[in-house]
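Proteins come first, then strands; the chains are lettered A, B, ... in the order of their sequence lines, and each starts at number 1.
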Amino acid sequence: MADKEFNILDPFSSVDLGIAESADGVKQWAIANRDVIQPIKRFFNEIIVGIDNGLNAIPPVVMLAFMVLIAWQAAGRRVAILVGVSMTVLGFLAPNAWALAMTTLAIVVSAVILCFIIGLPLGVLAGKNDRFESIIRPVLDTMQTIPAFVYLVPVVMLIGIGNVSGVIVTIIFALPPLVRLTSLGIRGVNESVVEAARAFGASPRQILLKVELPLATPTILAGINQTIMLSLSMVVIASMISVKGLGNEVLRAMGRLDAGKALVSGLGIVILAIVLDRITQGMGQSGRDRGHRHWWEAGPVGLILRLTGKNS
Amino acid sequence: MTISSEDAVIDCRGLWKIFGKRADEAMKAVQEQGLGKIEVRDQYDCVVGVQDASFTVARGEIFCIMGLSGSGKSTLIRHVNRLIDPTSGQLFIEGQDVNALSARELREVRAEKIGMVFQNMALMPHKTVMDNVAFSLEVRGRDVQQRRDIAQHAIDAVDLNGWDQKYPDELSGGMQQRVGLARAIAADPSILLMDEPFSALDPLIRRQLQDKFMTLSAEMKKTTLFITHDLDEAIRIGDRIAIMKDGALVQVGTPEDIVTNPVDDYVADFVAGISKLELISAGKIMEPVPKFEKRSGKVDIAAWPEARPDHSLDDLVNLSIATQHPIIVKSDGKPVGIVTKNALLRGIQGDIDDTTSIEQ
């Protein structure tokens, strides 16, 4: 390329700075540092496999009932019915659909928990500090827009194929909305309420924990909801680096041009997405919007409390 | 009323606040070259919020700061609990320099010595009335039971018992501000900062809350700094009033002082529409007895209605309606002055300096 004659109207095609070649050094660096990473990888892998085994060890019917109860508590009766019906449909899609869905759920849960642990402090920091916000914003933009295939290779080189890599690529894609919305939530807290807290002697920590985070909670939960949705949209790509679950089924069906199987597994992902979305959206709504004062006054917990209250 | 600085609970000395990136330079220029507000704005791109404010508030006194929006009164009040740091000057609370406190000491002072009420209530929407009221106790780490007891006491004091488990958005504006008041008095602070507490309320509710506040403050003897843009409110509530304009205190005095001796046209314009009936006392408009006798000859005052020098014009009007005679003002049983009908009418107009011209 470089031997092409220089043309002032098209200077780009005649100059080769070799950026791509030097950037490939990332791969070499990743391979060289593999040994350091392996123990950390093993630790996280065990956690993910543990969650996976745990979810799969629970009999599907018990798990189904459990999910319905969670949905009832978090989002009310209608969502509970929706979750019950959806998960039953998912179970009947294919004999192994439930087990695959649980594996996918394990990956998503791991990714979301890690996103929360990483994203919440970053979001709070970004909400409090304009400079940090201006630094982290382009990073978040990059994470969200850079094609997954770009970082798939370095991650695999560094960590190897498997669940941990899958979770990492999922985090890269799913983290930004949580950070953004946490920051937005913190910034959206009524300044006069914060001022009042200061006037009554609250320390910065107390203001954060007692005023800002509680008031930002709906926005933060919207961020978690988005993070879950984006995690689910990554399951097919993550399956390219040997993550099991529904995504892997879609990928394999695609390879065999098996439209039926792809559709079934794809539907499974959609159902899982709907169920998780409705539950987390319900959590974002305060109990008072749904007509009761405290979360323990409604749902199954409220029912049990009322029943035991009557008996005593 | 003169106050020695020892019993001043709030003592503000030469306080300046300049907003802007070059505030310190601007402050220096003001001190060295005596720049005005406009010059500071043009040369340094800074806004003068408070200029050279000095005042003291005695224990138990209600000190009103009156000014239009943008006059810097909210900025000034925030220096007392150091929500805003001054650019220059000092502020003492019970002899303690607020600006010398460490962050920790400052939080302690805020939670235990100062209660604040805000114009926009600024209640915490996610906490119940009870938890809002108990907030200053919560941040001090008091246990739940103690918090509840004290908060319940404050809630009762503002007549909100039964509402303690409600959330702020379930309450009307007037009730919300009563929660704000309860929150301010819950920790039994010695100082209350009231930042236009009743301005956002409709007139009837405002009056009720003013009454409630006045009863409470009479009971509790709290030193109060009260901000308002409503002169009627300032006169009703304040023991003393400071008129603020463009960040400076233009005049400080009792309501009667301000109304009868406005220091400049600005203050005069303000007080022009104020009813003098309750403010001006008989002692201010009476004519000394010898002077009156010199003019009208010896008179028989036996049938005349009697008043004391501290009776208001309102009282005098009531006395005057019942009789054709002037009113005799007696102090300790001795006649000290006479108020004629003309003098009374002039007094109602607020015209008290040239009583001699009345008879013409």
Please look at B:R104 and chain A and tell me whether the side chain, the backbone, both or neither of the residue comes under 4.5 angstrom of a heavy atom of that chain.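 Neither part, no heavy atoms under 4.5 Å.
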Part of B:L193 lying under 4.5 Å from any heavy atom of chain A: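 Neither; nothing under 4.5 Å.
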Is it true that, when you exclude [X] itself, more than 12 heavy atoms of the residues, nucleotides or ligands shown sit nearer than 6.0 Å to its [atom1]?
X: A:R137; atom1: CZ; result: no
X: A:F116; atom1: CZ; result: no
X: A:D141; atom1: CG; result: yes
X: B:R206; atom1: CZ; result: yes
X: B:F19; atom1: CZ; result: yes

How long is the gap from CD on A:E195 to CZ on B:R78, to the nearest 0.5 Å?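 Here the interatomic distance stands at 4.0 Å.
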As an exercise, state the distance from OG of A:S203 to CG of B:L106, rounded to the nearest 0.5 Å.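 Between atom OG of A:S203 and atom CG of B:L106 there are 12.0 Å.
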Do you know which of A:N190, A:V211, A:T217 has the most heavy-atom pairs under 4.5 Å to chain B?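 Answer, by heavy-atom pair count under 4.5 Å with chain B: A:V211.
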Taking A:F200 as the fixed residue, which of B:R110, B:E138, B:R183 is the one that meets the side-chain contact (heavy atoms from CB on, under 4.5 Å) rule?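 By the side-chain contact (heavy atoms from CB on, under 4.5 Å) criterion, A:F200 pairs with just one of B:R110, B:E138, B:R183: B:R183.
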A:L215 side chain near B:P125 side chain, heavy-atom distance below 4.5 Å: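 The answer is yes; the side chains approach within 4.5 Å.
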Non-hydrogen atoms of [X] and [Y] that approach each other most closely:
X: B:H126; Y: A:P214; answer: CD2-CB, 3.5 Å
X: B:F135; Y: A:A197; answer: CE2-CA, 3.7 Å
X: A:A196; Y: B:A122; answer: CB-O, 3.6 Å
X: A:V193; Y: B:L123; answer: CG2-O, 3.5 Å

